[in-house]
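In what follows, a single structure is set out as structure tokens and then discussed.
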Amino acid sequence: MKDNFEVNIDDTINSGQVFLWKKFDSKWYGINGKEILILEDKLDIKSKNIHNFFRFDDDFQKIKKQLSKDDIMKKAIKNFPGMRILRQDPFQCYISFIVSSNSNIPNIQTRLQKLSRKFGEKRTIDDKELFLFPKPEKLANASITDITKCGLGYRSKYVKKAAIAVSEGTIDFSSLKKQDYQEARDSLCQVFGIGKKVADCILLFSLDKLEAVPLDRWVLRILQKYYSKEFQISTKTITEKTYDELHDKIVEHFGKYAGYGQQFLFKNERESFDKKWLG
DNA sequence: ACCTGACCTCGTCT
DNA sequence: AAGACGAGGTCAG
């Protein structure tokens with residue numbers, strides 16, 4: 001029996017992994033692909049969807065214990081002990097992070113909301129109008145002009161091409177899940193608009209690759225601030241090469257659940273700067 | 001191989 | 001109130 005009470009829903013949703021969530025009164029309403037999830041203060045872990053989404057199949061205590069290699073990480077875990085990594089719908093996750101590049105959370109959220117409203121199916125639940133995430137075919141057939149209307153800017157062509165790759169079967173998420181981390185990442189990086197960072201987000205948040213560690217501006221800043229000796233960080237900008245070198249060092253230090261670790265550090269640091277989450 | 005600049009858009013700050 | 005700034009990167013040269 002897993003510790004349902006230990007999950008902190010607010011911290012989990014507001015940790016930059018999901019964007020299509022909104023709180024009405026005390027309930028969270030969220031879109032996960034073609035599902036709508038509604039969360040109250042207690043999670044119904046008997047629900048297959050909830051069990052899967054919150055990764056109750058992970059041994060969370062063991063993961064936290066394995067990650068606790070140093071004081072910085074211990075403190076981050078202690079501050080947000082109920083934050084989990086979610087297992088998202090892969091296509092939604094894939095598009096979400098393609099759209100995230102060179103942007104911020106409020107902007108990402110707006111873009112995804114507009115995309116869903118324009119291209120997703122409408123559902124009415126509890127008097128609320130919600131839109132499912134668009135299907136791959138729908139985005140693949142959309143015009144660049146219409147996608148651009150959702151505020152994606154130069155990312156519009158990334159989204160269209162990426163959606164085509166999925167609808168044509170060039171990208172197949174169930175195969176990627178079966179591949180190992182490196183192999184799956186290489187496949188994702190073939191897609192126009194996906195670099196290593198975005199690939200790592202997709203792998204960690206939807207394809208069960210817990211050793212994926214997205215190295216973004218924040219994580220870099222965190223590593224420079226607290227781990228500069230540990231990981232011998234010299235450069236300020238991430239290049240193709242330094243990305244992989246750093247990643248290897250991180251996995252070596254934190255182990256195979258390093259992705260969870262990244263999430264704790266990210267959440268902890270951003271909270272200390274009082275950055276905005278979902279609005 | 002590496003490095004640098006450009007890039008759409010929008011919320012936020014001044 | 002208008003204008004500048006920068007944000008969970010990626011691509012092209």
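In what follows, every heavy atom counts, from backbone to side chain, and hydrogens, waters and symmetry copies are set aside.
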For A:G16, answer base if it contacts any base atom (sugar-phosphate contacts may also be present), sugar-phosphate if it contacts only those atoms, and nothing otherwise; contact means non-hydrogen atoms under 4.0 Å. base

What does A:E269 touch in the nucleic acid at a heavy-atom separation under 4.0 angstrom: a base, only the sugar-phosphate, or nothing? nothing

Rounded to the nearest angstrom, tell me the gap between atom CD in A:E240 and atom C1' in B:dA1. 11 Å

DNA chain B nearest-nucleotide lookup for A:K241 and A:L152: closer to the 5′ end is A:K241

Would you kindly say whether A:N52 and A:N49 are connected by a side-chain donor-acceptor distance under 3.5 Å? no

Hydrogens and angles aside, do A:T12 and A:D10 bring a side-chain donor and acceptor to less than 3.5 Å of each other? no

In whole Å, I'd like the distance from the NZ atom of A:K276 to the C1' atom of B:dG11. 9 Å

With a non-hydrogen cut-off below 4.0 angstrom, is A:Q263 in contact with a base, only sugar-phosphate, or nothing? nothing

5'-to-3' dot-bracket of DNA chain B (Watson-Crick, G-U; under 3.5 angstrom; crossing pairs as [ ]; | other strand): ..|||||.||||||

Please list residues of residues 102-110 of chain A whose heavy atoms come under 4.0 Å from any atom in DNA chain B, ordered by number; otherwise none. A:N102, A:N107

5'-most contact on DNA chain C: A:R221 or A:V198, nearest heavy atom basis? A:R221

Ranking A:R155 and A:Y158 by the position along DNA chain C of their nearest nucleotide, the one closer to 5' is A:R155

Which two nucleotides bound the region of DNA chain C that has atoms under 4.0 Å from heavy atoms of chain A, read 5' to 3'? C:dA7 to C:dA12

Describe the nucleic acid contact of A:F192 in one word from base, sugar-phosphate, nothing, applying a heavy-atom distance below 4.0 Å. sugar-phosphate

For nucleotides C:dG6 and B:dA6, find the distance between their P atoms and express it as a whole number of Å. 15 Å

Residues A:E271 and A:W277: side-chain donor-acceptor under 3.5 angstrom: yes

Using a distance-only test with no angle check, is there a side-chain donor-acceptor pair under 3.5 angstrom linking A:D248 and A:Y243? no

Looking only at atom P, what distance separates B:dC8 and C:dG13, rounded to whole Å? 14 Å

May I have the distance from A:Y154 (atom OH) to B:dC10 (atom P), rounded to whole angstrom? 13 Å

Applying a 4.0 Å non-hydrogen cut-off, can you work out what A:S15 is touching in the nucleic acid: base, sugar-phosphate, or nothing? base

May I ask you to establish whether A:K209 and A:Y181 are in a cation-pi arrangement, using a distance under 6.0 Å from NZ or CZ to the six-membered ring centre and at most 45° from the ring axis? no

Spacing of the P atoms in B:dC13 and C:dG8 (rounded, Å): 13 Å

Can a side-chain donor-acceptor contact be found between A:Y226 and A:E269 if the only test is distance below 3.5 angstrom? yes

Is a donor from one side chain sitting under 3.5 angstrom from an acceptor on the other, for A:Q263 and A:S15? yes

Counting heavy atoms not belonging to A:R221, are there more than 12 under 6.0 Å from its CZ? yes

Assess the side chains of A:N79 and A:N268: does a donor N or O sit below 3.5 Å from an acceptor N or O? yes

Ignoring hydrogens and geometry beyond distance, is a side-chain donor-acceptor pair present between A:S47 and A:D44 at under 3.5 Å? no

Would you classify A:V99 as touching base, sugar-phosphate or nothing, given that sugar-phosphate means primed atoms plus P, OP1 and OP2, and contacts are heavy atoms under 4.0 Å? nothing

